[in-house]
Structures are given as structure tokens and as C-alpha cells.
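Starting off with a structure, shown below.
Just so it is clear, the values below take in all heavy atoms, side chains as well, and ignore hydrogens, waters and symmetry mates.
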Amino acid sequence: MKLIVAIIKPFKLDEVRQALWEIGVQGMTVTEVKGFGRQKGHTELYRGAEYVVDFLPKMKVEVAVTTALLEQATEAIEKSANTGRIGDGKIFVFDLERAIRIRTGEIDTAAI
């Protein structure tokens, strides 16, 4: 089992969700986050004063998948989140040692 963590632009969330749904991923966790990478932020003007916005709004999508579904899931995220512009985000993949469904006690792949 693997845990995929993707940091994406907020307006791409629905496309990513739909792409994952189409390949059979039934659940995900989404968190509103702020951060920066090569995009570095930008300056804005508010009431005549210029200030730097270092941390940009992003969405963090977490998905647990079977190892067999890993390539399809990462490809679905990559294609649906891509705008071709700086700041599209990153995808991280971690080994998932154990998953337990609290309601039923199902373990590992049965739990996801």
C-alpha cells in the first residue's frame, strides 16, 4: 500500500478528484494549506502599501492506494493538476505500513 500526498493549485481540486474517481479511488483527504517552492510568492498592493505574499494558497490531497493502483493514481493527479505553469505543485509517495477501518476493523487493502 502507498500514501500519495499531492500539493496542487486550489482551482484544480475538482479535476483531480474526478480523475481519481474515474480510476477507482473512492476516498481522499483534502486540506487547505499555504506554501511556496520555486514560485516564491509575489507582491501585492493594499491601500497604497506594498507587501509580500510569501505563502500561496494550495490544496493538500492525501490518498491511500494499493501498490497496483499507484502508477494510475499518480498519473491521474499529474495530468489533471497540470496547467503547464510554475506552481502546479508536487506529488510525494510514501510506503503505507498499515491501514485500519475503524468501524469494521478491516485491515490494510480491505480498509482502503
Side-chain angles (χ1 to χ4, degrees):
M1 295 180 306
K2 301 292 183 179
L3 178 65
I4 301 171
V5 177
I7 309 298
I8 63 171
K9 290 183 175 184
F11 65 89
K12 286 296 201 169
L13 179 60
D14 285 335
E15 290 177 50
V16 169
R17 183 188 53 79
Q18 183 63 34
L20 289 170
W21 179 260
E22 288 172 4
I23 64 163
V25 174
Q26 296 180 2
M28 68 177 60
T29 301
V30 177
T31 310
E32 292 182 21
V33 295
K34 291 185 178 194
F36 70 92
R38 289 184 181 162
Q39 196 175 6
K40 301 243 188 333
H42 60 279
T43 59
E44 289 188 5
L45 195 61
Y46 180 72
R47 293 189 177 181
E50 187 174 304
Y51 65 99
V52 177
V53 179
D54 288 331
F55 295 98
L56 301 170
K58 302 287 181 179
M59 298 302 282
K60 179 179 177 181
V61 178
E62 298 170 289
V63 182
V65 297
T66 62
T67 305
L69 201 57
L70 176 64
E71 289 304 317
Q72 279 184 284
T74 54
E75 187 176 304
I77 294 168
E78 185 179 359
K79 286 183 178 178
S80 59
N82 186 1
T83 66
R85 297 169 60 186
I86 194 166
D88 276 350
K90 296 271 193 300
I91 300 172
F92 305 100
V93 178
F94 301 93
D95 286 324
L96 186 57
E97 190 171 317
R98 174 155 260 193
I100 302 168
R101 186 184 312 269
I102 295 172
R103 179 178 55 86
T104 63
E106 292 171 298
I107 298 174
D108 297 338
T109 56
I112 58 172

(message) Once rounded to the nearest 0.5 Å, what's the spacing between atom CG of L13 and atom CE of M28?
(response) 7.0 Å

(message) With a 3.5 Å distance limit and no angle check, can you tell me whether R98 reaches the backbone of I107 through a side-chain donor-acceptor pair?
(response) no

(request) Measure from the side-chain N and O atoms of D88 to the backbone N and O of N82, and report whether any donor-acceptor pair falls under 3.5 Å. (result) no

(message) Strictly distance-based, threshold 3.5 Å: is any side-chain N or O of K58 a donor or acceptor partner for the main-chain N or O of G87?
(response) yes

(message) What verdict does the side chain to side chain contact (heavy atoms under 4.5 Å, CB included) test give for V61 and I77, after you've listed the backbone C-alpha separation in whole Å, the side-chain angles of each residue and the deciding distance to 0.1 Å?
(response) CA-CA 10 Å; V61 178; I77 294 168; 5.6 Å; no

(request) Kindly indicate whether the side chain of I7, heavy atoms from C-beta on, has any atom under 4.5 Å from the side chain of K60. (result) yes

(request) Nearest 0.5 Å please: distance from the NZ atom of K2 over to the CD atom of E71. (result) 10.0 Å

(request) Please answer whether the main-chain N or O of R85 pairs with a side-chain N or O of T83 as donor and acceptor at a distance below 3.5 Å. (result) yes

(message) In the structure I gave you, are the side-chain heavy atoms of E106 and I100 within less than 4.5 Å of one another anywhere?
(response) no

(request) Identify the heavy atoms of I112 and A99 that sit nearest to each other, and give their distance. (result) CG2-CB, 4.0 Å

(request) State yes or no: do I8 and L56 share one hydrophobic cluster built from I, L, V, M, F, W and Y residues joined by side-chain heavy-atom distances below 4.5 Å, directly or via other members? (result) no

(message) Using side-chain heavy atoms (C-beta onward) and a distance below 4.5 Å, is K9 in contact with M59?
(response) no

(message) Distance check, rounded to the nearest 0.5 Å: T109 atom OG1 versus L69 atom CG?
(response) 12.0 Å

(request) Taking all non-hydrogen atoms of both residues into account, name the closest pair between F55 and K34 and its distance. (result) CB-CB, 3.8 Å

(request) Supply the atom-to-atom distance E22 CD to R17 CZ, rounded to the nearest 0.5 angstrom. (result) 10.0 Å

(request) Find out if a path of hydrophobic residues (ILVMFWY) with successive side-chain heavy-atom gaps under 4.5 Å connects V65 to I23. (result) yes

(message) How long is the straight-line distance from CD of E75 back to CD1 of I91, given to the nearest 0.5 Å?
(response) 10.0 Å

(message) For a quick test of reading the model, state the closest non-hydrogen atom pair linking L3 to L96 and the distance between them.
(response) N-CB, 4.1 Å

(request) Could you tell me whether a side-chain N or O of T66 sits under 3.5 Å from a main-chain N or O of M1, the two making a donor and an acceptor? (result) no

(message) Measuring only between side-chain heavy atoms, which start at C-beta, is V93 closer than 4.5 Å to L70?
(response) yes

